[in-house]
Amino acid sequence: MGAAGATLGEYTKKQLSNLCDSVGIADSTPLAMLAKLLGKSDSRPLSMVPAWPSDVADDHTPAEFSLAVDNSGRCRIRMLGETPPDGGSSLDPGAAVALLEELAETYGLPLDRFNAVRDLFLPENPSGLFTLWFSFIFAPDGPPAIKVYLNPLVSGRERAGELVAEGLDRLGLTGAYDTIRENALLRGELDQFTFFAVDISDSPQARVKVYLSHHAATAEAAARAAKAVPDVDPQQVIDFCRDTGGNADYFEGRPLISSYAFSGDDTAIPSNYSIYVPIRSYVPDDEVARDRVWRALRRQGVDTGIFEQALSAVAPRPLADGAGLLAHTSLRIGGSHSGVTLYLSSEAYQSPSYPPR
């Protein structure tokens, strides 16, 4: 459980403020966005059980923080989160849509691309673990970037491919689904769609991202998926998976995840590929996770110092006490946004997420 007597908002805002300080980003806008995201749960005491079973984090904390560093050294803080649902259903997207519309009006952002796929991913009777999540990206200057995550499984697993294909087609990404199918859907039911994400932006480089989970996969399976992006070295993916996964032959716990980013004028070829390793499933504790991530960063030629500061800013406990604080780590390759991201669980409701193994 989080700090005695604290509310969810107090606890997570302190972590986010520390994280902003660690990388030199003013915390006023991030803290305001976190308050909007948490909504009525902002003032909910941590002594109470979570208001709803959010799947953003293993302990149902509805927000997760991350630090992304490009190969150029540019740092950004990200916040993934889910706003409290309306009514009695944890899948009711009403409050999330209302927040999205408020943010779009505040920052002058278009909702045309979201509206183009809204009926696909927000049906009347949704199923699955979520309907709409937010990603807020904060840089040292400028307003936050906003992305929404939609659930391809919202109408059942059997329709996931149909929804993704139709969504890509409506957004003008002709040929994108075929590219995904030919490179990442090669193992039957072991390769499954996970997220469909849309940048809420009027930029010509606004992205649509498609995420896939590779269950019981090898690093080589992820490397095959990476080949969809031109000029990508698949060996980078293999090295990253093995460095962070402890040379695992098969990732039989939580699955590896691939994502493709489509942007600009090329509607069939991804501009970027990312591999996400759920490191918490493959370590005895977060101290080992940290050491593995640092090894992967050094292989990529990335300075570990800024990540060490970010980890210290969020960590509520000694790393050796358990696993789960370092939830995922990802490698982005291809184009100008290549880099590494470290995903940090708040552990507001359970610290550590898992006892040491």
Side-chain angles (χ1 to χ4, degrees), residues 36-37 78 80-83 85-86 91-137 143-182 184-185 192-212 228-229 258-274 335 337:
K36 286 183 178 293
L37 178 73
R78 296 177 177 177
L80 175 69
E82 182 176 26
T83 202
D86 284 333
L91 294 176
D92 185 342
V97 172
L99 176 57
L100 177 60
E101 291 172 344
E102 176 190 341
L103 294 172
E105 182 175 357
T106 299
Y107 292 103
L109 300 174
L111 291 179
D112 52 324
R113 298 200 308 160
F114 167 73
N115 287 330
V117 299
R118 177 173 175 169
D119 65 301
L120 292 175
F121 295 100
L122 300 181
E124 288 188 7
N125 297 300
S127 60
L129 297 174
F130 78 101
T131 51
L132 193 157
W133 288 354
F134 290 92
S135 174
F136 301 114
I137 305 171
I146 301 172
K147 177 170 63 177
V148 294
Y149 285 83
L150 301 166
N151 186 359
L153 304 176
V154 75
S155 293
R157 182 170 296 172
E158 66 281 358
R159 291 197 61 201
E162 173 191 339
L163 265 59
V164 170
E166 177 65 17
L168 291 169
D169 186 62
R170 290 188 188 185
L171 295 172
L173 295 170
T174 306
Y177 184 82
D178 288 340
T179 298
I180 296 169
R181 177 176 52 81
E182 292 165 5
L185 294 173
Q192 299 174 356
F193 289 107
T194 305
F195 302 110
F196 188 96
V198 180
D199 283 352
I200 306 301
S201 169
D202 56 6
S203 167
Q205 298 305 312
R207 303 163 302 165
V208 175
K209 295 187 72 175
V210 177
Y211 298 72
L212 304 99
V229 180
S258 292
S259 77
Y260 296 111
F262 296 90
S263 62
D265 296 328
D266 199 333
T267 61
I269 305 300
S271 58
N272 186 272
Y273 170 85
S274 295
H337 296 293

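Here the structure is a predicted model, which means the values were calculated and not measured. Reckoned from all heavy atoms, side chains included, excluding hydrogens, waters and symmetry mates.
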To the nearest 0.5 angstrom, please state how far the [atom1] atom of [X] sits from the [atom2] atom of [Y].
{"X": "Y260", "Y": "I180", "atom1": "OH", "atom2": "CD1", "value": "7.0 Å"}
{"X": "L111", "Y": "L103", "atom1": "CG", "atom2": "CG", "value": "9.5 Å"}
{"X": "L163", "Y": "F193", "atom1": "CG", "atom2": "CZ", "value": "10.0 Å"}
{"X": "N115", "Y": "R113", "atom1": "CG", "atom2": "CZ", "value": "12.0 Å"}
{"X": "N151", "Y": "L122", "atom1": "CG", "atom2": "CG", "value": "10.0 Å"}
{"X": "I269", "Y": "F262", "atom1": "CD1", "atom2": "CZ", "value": "8.0 Å"}

Self-check item: By salt bridge (charged side-chain N to carboxylate O under 4.0 Å, His left out) - contacts of R118 (at least two apart)
Solution: E101
Quiz item: Got a sec, which residues hit salt bridge (charged side-chain N to carboxylate O under 4.0 Å, His left out) with D169, two or more places apart in sequence or on another chain?
Solution: none
Exercise. Scan for salt bridge (charged side-chain N to carboxylate O under 4.0 Å, His left out) pairs involving residues 124-133, sequence neighbours excluded, and state none if there are none.
Key: none
Quiz item: Pairs in or reaching into residues 146-161: which pass salt bridge (charged side-chain N to carboxylate O under 4.0 Å, His left out), with residues at least two apart or in two chains?
Solution: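 Checked against salt bridge (charged side-chain N to carboxylate O under 4.0 Å, His left out) - neighbours excluded - the pairs reaching residues 146-161 are R159-E162.
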With sequence neighbours excluded, what pairs up with [X] under the side-chain hydrogen bond (donor to acceptor under 3.5 Å, both in side chains) test?
{"X": "S259", "answer": "Y276"}
{"X": "T131", "answer": "none"}
{"X": "D202", "answer": "none"}

Test side chain to side chain contact (heavy atoms under 4.5 Å, CB included) applied to [X] - qualifying residues, sequence neighbours left out:
{"X": "D119", "answer": "R170"}
{"X": "T106", "answer": "E102"}
{"X": "A145", "answer": "I137"}
{"X": "A261", "answer": "R207, K209, S271, N272"}

Quiz item: At their closest point, which heavy atom of L91 faces which heavy atom of P126, and how far apart are they?
Solution: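 For L91 versus P126, the nearest heavy atoms are CD1-O, 3.5 Å.
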Quiz item: Nearest heavy-atom pair of T83 and A95: which atoms, and what distance?
Solution: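 What the structure gives for the nearest pair is CG2-C, 3.8 Å.
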Flag the pair [X] / [Y] as yes when at least one side-chain heavy-atom distance between them is below 4.5 Å, and no otherwise.
{"X": "L168", "Y": "F196", "value": "yes"}
{"X": "P270", "Y": "T179", "value": "yes"}
{"X": "V117", "Y": "L150", "value": "yes"}
{"X": "L153", "Y": "F121", "value": "no"}
{"X": "E82", "Y": "L37", "value": "no"}
{"X": "P123", "Y": "V154", "value": "yes"}

Practice problem: Take L185 and Y177 through the side-chain contact (heavy atoms from CB on, under 4.5 Å) test and state the conclusion after the steps. | Solution: CA-CA 10 Å; L185 294 173; Y177 184 82; 4.2 Å; yes
Quiz item: Should the pair F136 and F134 be assigned to parallel (<30°), tilted (30 to 60°) or perpendicular (>60°) ring geometry?
Solution: parallel
Self-check item: Pairs where residues 146-175 contributes a residue and the test ring pair (Phe, Tyr, Trp, His ring centres under 6.0 Å) is met, not counting sequence neighbours
Solution: Y149-F195, Y149-Y211
